[in-house]
Amino acid sequence: MQESIAQQIRNYFQENQWNFDEQENAFLTGVSLEGHTDGAMIQLIVNDRSFMMLTAPDIDIPEEAFLSVQTYANEINNLINIGCIYLDKEQQVLVFRTSMICADNVPSAQQIDDIIGYSVTMVQDIAESLLNLLEGEISPEDAAVQAVQAE
C-alpha cells in the first residue's frame, strides 16, 4: 500500500527531527531565521492529491502600513515564478504560499525538502526586505526587488 501525502510529510518531519503539531489535514511548525527576524511559522495543509505550505515571518504588520505592504506583495508576485505572497489583514502578517499537486503520486522526501527549503529561503529574504520597508528605508518596489534578488 502506498503511503499518503500526510504520512510522507509526517515521516519527513520525524526523520529530520522537527518539532511539529499535527491537526486534521495540517502540520504546524516553526523555523528560525537569520537576521533581524527570529523565525517563521509554517503550516502544511494536506489533502489526497496535493499539499500547500504557508510560511509567515514573525513580523507584525501595522495597519497603517497595509497599503505599502500590499504593493510590496504585488510587486514580489510579479517577479517570482513559484509561489505567491499575500497580506493576511486579520492576522496582520505577510504569508508566502507554495503548493504541490501530486495527482496519483506521493511526493518524495526530496521533493518535500525542496518545497520547504525554497519557502524558508524566500521568507528569509522577504523578512529582511519587509523590515527595511516598514522602517521607511526603502520603497515597496525596491523592497520587492531586494527580496527576490537577495544572495
Quick one: closest heavy-atom pair of [X] and [Y], and the distance?
X: Thr71; Y: Pro140; result: CG2-CB, 3.8 Å
X: Asp142; Y: Ser139; result: N-OG, 3.1 Å
X: Glu75; Y: Ala144; result: CB-CB, 3.4 Å
X: Pro57; Y: Thr37; result: CB-CG2, 4.3 Å
X: Phe27; Y: Ala6; result: CZ-O, 3.4 Å

Roughly how far, to the nearest 0.5 Å, is the [atom2] atom of [Y] from the [atom1] atom of [X]?
X: Gln43; Y: Met52; atom1: CD; atom2: CE; answer: 7.5 Å
X: Met41; Y: Asp58; atom1: CE; atom2: CG; answer: 7.0 Å
X: Asn105; Y: Met100; atom1: CG; atom2: CE; answer: 10.0 Å
X: Ile138; Y: Leu133; atom1: CD1; atom2: CG; answer: 8.0 Å
X: Asp38; Y: Ile59; atom1: CG; atom2: CD1; answer: 9.5 Å
X: Ser99; Y: Ile115; atom1: OG; atom2: CD1; answer: 7.5 Å

Legend entry - Pair Gln70-Asn74, side-chain donor/acceptor within less than 3.5 Å: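 Yes, Asn74 and Gln70 have a side-chain donor paired with an acceptor closer than 3.5 Å.
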
Inset, instruction - State whether a side-chain donor-acceptor pair under 3.5 Å links Ser129 with Asn132. - result: no

Inset, instruction - Please step through side-chain contact (heavy atoms from CB on, under 4.5 Å) for the pair Leu130 and Ile61, ending with a clear verdict. - result: CA-CA 9 Å; Leu130 176 60; Ile61 310 294; 3.7 Å; yes

Under a single-linkage definition using a 4.5 Å side-chain heavy-atom cutoff for Ile, Leu, Val, Met, Phe, Trp and Tyr, are [X] and [Y] assigned to the same hydrophobic cluster?
X: Phe66; Y: Leu94; value: yes
X: Leu44; Y: Tyr118; value: yes
X: Ile82; Y: Ile76; value: yes
X: Met53; Y: Ile45; value: no
X: Val31; Y: Val95; value: no

Would you check if the side chain of [X] reaches a backbone N or O of [Y] as a donor-acceptor pair within less than 3.5 Å?
X: Glu34; Y: Gln124; value: no
X: Asn16; Y: Tyr12; value: yes
X: Glu128; Y: His36; value: yes

Legend entry - Working for side-chain contact (heavy atoms from CB on, under 4.5 Å), residues Met122 and Ile85: CA-CA 10 Å; Met122 280 299 299; Ile85 191 166; over 6 Å; no

Inset, instruction - Begin with the C-alpha distance, continue with both residues' side-chain angles, and end with the deciding distance and a verdict on side-chain contact (heavy atoms from CB on, under 4.5 Å) for Tyr72 and Ile126. - result: CA-CA 10 Å; Tyr72 168 75; Ile126 287 166; 3.5 Å; yes

Inset, instruction - Would you please name every residue forming a ring pair (Phe, Tyr, Trp, His ring centres under 6.0 Å) with Phe13, sequence neighbours left out? - result: Trp18, Phe20

How about [atom1] on [X], more than 12 heavy atoms from neighbouring residues, nucleotides or ligands closer than 6.0 Å, or not?
X: Asn19; atom1: CG; value: no
X: Glu63; atom1: CD; value: no
X: Leu67; atom1: CG; value: no

Legend entry - Ile5 and Ser50, any side-chain heavy atoms less than 4.5 Å apart: no

Legend entry - Residue among Val123, Leu54, Asp125 satisfying side-chain contact (heavy atoms from CB on, under 4.5 Å) with Phe96: Val123

Inset, instruction - Before giving the answer on side chain to side chain donor-acceptor pair (under 3.5 Å), spell out for Ser119 and Thr98 the whole-Å C-alpha distance, their side-chain angles and the decisive distance to 0.1 Å. - result: CA-CA 7 Å; Ser119 296; Thr98 53; 3.0 Å; yes

Inset, instruction - Kindly write out the residues that satisfy side chain to side chain donor-acceptor pair (under 3.5 Å) with Gln91, not counting sequence neighbours, or none if the list is empty. - result: none

Legend entry - Audit row: Leu33, Val120, side-chain contact (heavy atoms from CB on, under 4.5 Å) steps and yes/no: CA-CA 8 Å; Leu33 298 177; Val120 169; 4.2 Å; yes

Legend entry - Test salt bridge (Lys or Arg N to Asp or Glu O under 4.0 Å) applied to Glu22 - qualifying residues, sequence neighbours left out: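 Glu22 satisfies salt bridge (Lys or Arg N to Asp or Glu O under 4.0 Å) with Arg10 only.
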
